[in-house]
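Below is one structure, written out as structure tokens, with a few remarks after it.
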Amino acid sequence: MTVRTRFAPSPTGYLHIGGARTALYSWLHARRHGGRFVLRIEDTDRERSTEASVRAILEGMEWLGLAWDEGPHFQSRRFERYREVVERLLASGHAYLCYCSKERLERLRAEQLARKEKPRYDGLCRDRTDPPPEGVQPVVRFRNPREGEVVVEDLIRGRVVFANAELDDLIIQRADGTPTYNLTVVVDDWDMGITHVIRGDDHLNNTPRQINIMRALGVEPPTYAHVPMILGPDGKRLSKRHGAVSVLQYRDEGYLPEALLNYLVRLGWSHGDQEIFSVEEMIRLFDIREVNKAASTFNPDKLLWLNHHYIQSSDPAHVARHLAWHMARLGIDTAGGPPLEAVVLAQRERCKTLKEMAERSRYFYEEPAGYEEKAAARHLTPESAPVLEALRERLAALEEWTPEAIHTRAVLPVTEALGLKLGKVAQPLRVALTGGTVSPPIDQTVALIGRERTLARIDRALDHMGTGA
RNA sequence: GCUCCCUUCGUCUAGUGGCCUAGGACGCCGGCCUCUCACGCCGGUAACAGGGGUUCGAGUCCCCUAGGGAGCGCCA
């Protein structure tokens, strides 16, 4: 049987870190076994589901490169099918109509809680024989077995046993005729031929109910794998208040998708001491059965380290494509300047994110808006005027405009001629060209900025210093 | 409250009864390198939740305790 997995988010927000990891594991499991990965949007709650969320989720999945083979299927378009299954359950006696009012249920719950009992439906309508109250739109409840137990052989948790006596008769269809989650999941996983349900472990407790519904339908349940949650630094479930949790937010902050993927795959899973995994390696090595049982804490520092690793070691052309996106986002026109690939090569070891790289590469394409106060005070001094003048002269005369030529024919001779240390030459020039004290090695910086701009900026700096040019 | 789940450095983890004086990675600290910022390199810091068993031997198996989490909706 070919493996079929699915990712089934509800469109009530963005694609977050936790969901992305679940999707990744699901996708990896399908890829590893040559199976199919299905995307399903669980939008039965019309109140909370939004079109914008759907778009954000799809965009996040695409950005990560988690391509789905089928879908997206929308549950909101399958109501007829769910209705049909509910009718079937009703006809076979596996479900029944319940006329209990919300008020009664609330009261019941309150009483049970007060008695320190587990709140659950008391089954009033389960065997009801008297005529139903008039004018009440009933809900449909699943008739859960009262005895026996449900055994879940979870790929991650191992064998988990639930007593049926602990389960109550859950609502599978609302009074307005719409289906509820536990019913739609069962029907969809069945209809879509899902063989492996990989999902967050907040669903572990729902699993026995779903298995019971499947049994009532005569359907063989899929294999389950409940992955642990991701926690924030405070040990609580990762959420908005912990900062960035949306996948697209990480894109915007300058992360490479492969870095996020690598971070996520290693959060809760490992392969010996290996830290770096290409997507191909993940597919080859990932085994859902090796995923940890315990929840893990999200560590932004390690993700940042991984991002830097990928910025530094990936093909510069690839990094440049992502950098282009960030440059555009900052409104920097890169048309008249150095190729982005060259900028990546020059900047990659000092930028941990692409956003940072874009922000710190502005001077390759635009004139510096001004000089950083401290930098100018320290380096654009009367003493450095001769340095800049000498540099200007030599740079202007350079035949070859390469880092090597700039270094050996301009920078170095000037330090020697004036009897200065390299720092005394490089820093004034750096401030003149970039407006600040930080940039790639000075020869590379000069080379990238280009002769024309370099000379003009030196002139401008000399002007600024009040010595004229 | 009830049910279910979890527990190795601050964090992610290796570890499947002797290879563990518990390894790697991030972070942190120190050093080297150096034109700035960085990169890189070298070194250091730091953990088996607690208690009982089983065993010649336990991080690894069993039990208890403690702590943490999830679920208990006409949400998904």
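All chains are named by letter (A, B, ...) in the order of the sequence lines, taking the proteins before the strands, and each is independently numbered beginning at 1.
The partner of B:rA66 is B:rU7, by the rule that a Watson-Crick or G-U pair needs both atom distances under 3.5 Å. Nucleotide B:rC74 forms a pair with no other nucleotide shown, judged by Watson-Crick or G-U wobble geometry with both contacts under 3.5 Å. In this structure, B:rC28 and B:rG44 make a Watson-Crick or G-U wobble pair, each of the two defining distances being under 3.5 angstrom. Using Watson-Crick or G-U wobble geometry with both donor-acceptor distances under 3.5 Å, B:rA58 finds no partner in any strand shown. Pairing of B:rC20, defined by two Watson-Crick or G-U wobble distances under 3.5 Å, is not identified with any nucleotide. Of all nucleotides present, none satisfies the Watson-Crick or G-U wobble test against B:rU34 with each distance under 3.5 Å.
Among the protein residues, A:Glu166 comes within range of the sugar-phosphate backbone only, with heavy atoms under 4.0 Å from sugar or phosphate atoms but none that close to a base. Contact annotation for A:Lys102: base contact, defined as any heavy-atom pair under 4.0 Å involving a base atom. When heavy atoms are screened at a 4.0 angstrom cut-off, A:Lys236 is found touching the sugar-phosphate backbone but no base atom. Using a 4.0 Å heavy-atom criterion, one finds that A:Thr44 contacts the sugar-phosphate atoms exclusively. Across all strands shown, A:Leu267 has heavy atoms under 4.0 Å from sugar-phosphate atoms exclusively, and none from any base. At a threshold of 4.0 angstrom between heavy atoms, the contacts of A:Pro440 include nucleobase atoms, whether or not backbone atoms are also involved. Among the protein residues, A:Gly200 comes within range of no part of the nucleic acid, since none of its heavy atoms lies under 4.0 Å from any strand. Within the 4.0 angstrom heavy-atom criterion, no nucleotide atom of any strand lies near A:Gln173. Contact annotation for A:Asn206: base contact, defined as any heavy-atom pair under 4.0 Å involving a base atom. Backbone-only engagement by A:Val160 is indicated by non-hydrogen atom pairs under 4.0 Å involving sugar-phosphate atoms exclusively. Within 4.0 Å of A:Leu204, counting heavy atoms only, lie sugar-phosphate atoms of the nucleic acid but no base atom. Using a 4.0 Å heavy-atom cutoff across all strands shown, A:Arg48 reaches at least one base atom of the nucleic acid. Residue contacts for A:Val161: at a heavy-atom cut-off of 4.0 Å it reaches the sugar-phosphate backbone alone, with no base atom in range. Using a 4.0 Å heavy-atom cutoff across all strands shown, A:Phe162 reaches sugar-phosphate atoms only and no base atom.
Contact check on A:Glu389 versus A:Arg392 returns no salt bridge, with no Lys/Arg side-chain nitrogen under 4.0 Å from an Asp/Glu carboxylate oxygen. Using a cutoff of 4.0 Å between basic side-chain nitrogens and carboxylate oxygens, A:Glu42 and A:Arg6 are not scored as salt-bridged.
B:rG67 and B:rC29 have their C1' atoms separated by 31 Å, given to the nearest Å. Separation of the P atoms belonging to B:rG10 and B:rC48 is 8 Å when rounded to the nearest angstrom. For the C1' atoms, the distance linking B:rC61 with B:rG18 amounts to 15 Å, nearest Å. The separation of B:rC20 from B:rC32, taken at their P atoms, amounts to 33 Å, rounded to a whole angstrom. For the C1' atoms, the distance from B:rU54 to B:rG59 is 16 Å, rounded to whole Å. Here the separation of B:rG15 from B:rA58, taken at their C1' atoms, is 13 Å to the nearest Å. Going from the C1' atom of B:rC5 to that of B:rG43 covers 41 Å, rounded to whole Å. Comparing B:rA49 with B:rC12, their P atoms sit 14 Å apart, to the nearest whole Å.
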Working note: A:Thr445 + A:Ser439, criterion side chain to side chain donor-acceptor pair (under 3.5 Å); need CA distance, chi angles, decisive distance, verdict. CA-CA 7 Å; A:Thr445 304; A:Ser439 87; 2.9 Å; yes

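Side-chain N/O atoms of A:Ser439 include none lying less than 4.0 angstrom from OP1 or OP2 on B:rU36. Between A:Asn292 and B:rC12 there is no side-chain N or O to OP1 or OP2 distance below 4.0 Å. Contact annotation: A:Thr180 side-chain N/O to B:rA76 OP1/OP2 distance is not under 4.0 Å. Taking only side-chain nitrogens and oxygens, A:Arg360 never comes nearer than 4.0 Å to OP1 or OP2 of B:rC37.
Here the shortest heavy-atom pairing between A:Ala56 and A:Tyr14 reads CB-CA, 4.4 Å. Shortest non-hydrogen contact noted between A:His308 and A:Arg348 is NE2-O, 3.1 Å. Contact detail for A:Asn262 and A:Glu275: the closest heavy-atom pair is ND2-O, 2.9 Å.
Where A:Ala294 and A:Arg21 each meet RNA chain B at their nearest nucleotide, the meeting point lying more 5' is that of A:Ala294. Comparing A:Lys118 and A:Arg157 against RNA chain B, the residue whose closest nucleotide sits nearer the 5' end is A:Lys118.
Using bins of under 30°, 30° to 60° and over 60° for the plane-to-plane angle, the ring pair A:His226/A:Tyr224 lands in the parallel bin.
Spacing between atom NE2 of A:His309 and atom P of B:rG40 amounts to 10 Å, rounded to whole angstrom units.
A:Arg146 has its side chain within reach of A:Arg126: a pair of non-hydrogen atoms, C-beta onward, lies under 4.5 Å apart.
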